Amino acid sequence: MKIAVTYDKESGNVFQHFGKTESFKLYEIEDGKVVSSEVIGNGGNGHHALPPYLKSLGVQTLILGNRGQGAIDAIAAAGLAEVPGVTGSADEAARLFAEGRLQGNPGARCKHH
């Protein structure tokens with residue numbers, strides 16, 4: 001399974017504004033463990049174009065911080081599962097997800113929306 005995490009390259013944390021994400025960290029998960037990862041750019045995409053871009057890369061689940069209603073709709077339309085409202089280390093979030101222990105917050109929203 002391939003997952004994507006919105007990624008802040010400077011801190012290694014989950015980036016908190018989905019539509020302005022410049023980087024994603026992609027993880028391959030097998031048998032409850034992260035087996036590989038890579039950092040990619042956003043492909044020149046923003047906001048509503050990000051979910052189809054991620055889907056085209058084989059991503060099935062997106063781990064992110066906050067998002068607005070447009071992003072929620074675009075993520076759903078692309079057929080991606082999401083775990084919103086995640087903070088802290090992207091690597092830790094991926095590990096917890098692989099173990100089935102990642103807790104998200106479905107009510108997480110960008111403050112300006």
Side-chain angles (χ1 to χ4, degrees):
M1 163 183 252
K2 186 181 282 189
I3 66 169
V5 180
T6 55
Y7 192 63
D8 181 341
K9 285 165 89 169
E10 290 182 24
S11 68
N13 287 336
V14 177
F15 189 73
Q16 292 300 300
H17 184 142
F18 174 73
K20 295 189 184 269
T21 302
E22 293 183 11
S23 300
F24 291 92
K25 194 160 186 182
L26 304 182
Y27 298 85
E28 285 287 343
I29 296 179
E30 294 176 10
D31 300 321
K33 295 185 183 195
V34 173
V35 295
S36 67
S37 66
E38 70 174 311
V39 177
I40 64 164
N42 65 11
N45 297 294
H47 289 87
H48 299 92
L50 288 170
Y53 169 66
L54 294 171
K55 185 74 169 183
S56 76
L57 298 175
V59 170
Q60 296 168 293
T61 300
L62 174 63
I63 297 171
L64 65 157
N66 299 304
R67 74 275 194 257
Q69 189 61 50
I72 293 168
D73 295 343
I75 292 165
L80 295 174
E82 66 168 346
V83 183
V86 177
T87 60
S89 165
D91 289 345
E92 179 72 1
R95 183 183 67 78
L96 289 170
F97 178 84
E99 295 172 357
R101 299 187 308 126
L102 183 64
Q103 299 275 301
N105 173 7
R109 301 280 181 146
C110 290
K111 302 241 185 288
H112 63 277
H113 289 284

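Only a predicted model underlies this, so the values are computations on that prediction, with no experimental measurement involved.
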Tell me the closest heavy-atom pair linking R109 and G68, and the distance in Å. NH1-C, 4.5 Å
Would you indicate whether the side-chain heavy atoms of T21 and Y7 approach each other to under 4.5 Å? no
Do R67 side-chain atoms and G19 backbone N/O form a donor-acceptor pair below 3.5 Å? no
Show which side-chain atoms of residues 73-81 pair as donor or acceptor with protein atoms under 3.5 Å away, not counting sequence neighbours.
| unit_1 | atom_1 | unit_2 | atom_2 | d |
| --- | --- | --- | --- | --- |
| D73 | OD1 | Q69 | NE2 | 2.8 |

Side chains of T6 and V14: does their closest heavy-atom pair fall under 4.5 Å? yes
How close do N66 and A108 get, heavy atom to heavy atom, and via which atoms? OD1-CB, 3.4 Å
The test is side chain to side chain contact (heavy atoms under 4.5 Å, CB included); show your working for L62 and F18 and say whether it passes. CA-CA 10 Å; L62 174 63; F18 174 73; 3.4 Å; yes
When every non-hydrogen atom of G104 is compared with those of V83, the smallest separation belongs to CA-CG1, 3.8 Å
Just by modelled atom types, is the L57 backbone N or O under 3.5 Å from a matching donor or acceptor in the K2 side chain? yes
Can you name the residues that form a side-chain hydrogen bond (donor to acceptor under 3.5 Å, both in side chains) with D91, not counting sequence neighbours? K25, Y27
Treating Ile, Leu, Val, Met, Phe, Trp and Tyr as nodes and any side-chain heavy-atom pair under 4.5 angstrom as an edge, say whether I72 and L54 lie in one connected cluster. no
For E22, enumerate each residue passing the salt bridge (Lys or Arg N to Asp or Glu O under 4.0 Å) test, keeping only those at least two apart in sequence or located in another chain. none
Q60 side chain vs A4 backbone, donor-acceptor pair below 3.5 Å: no
Straight-line distance of T87 OG1 to F15 CZ, nearest 0.5 Å: 14.5 Å
Counting N and O atoms only, with roles assigned by atom type, does the side chain of N13 sit under 3.5 Å from a partner on the main chain of S89, one being a donor and the other an acceptor? yes
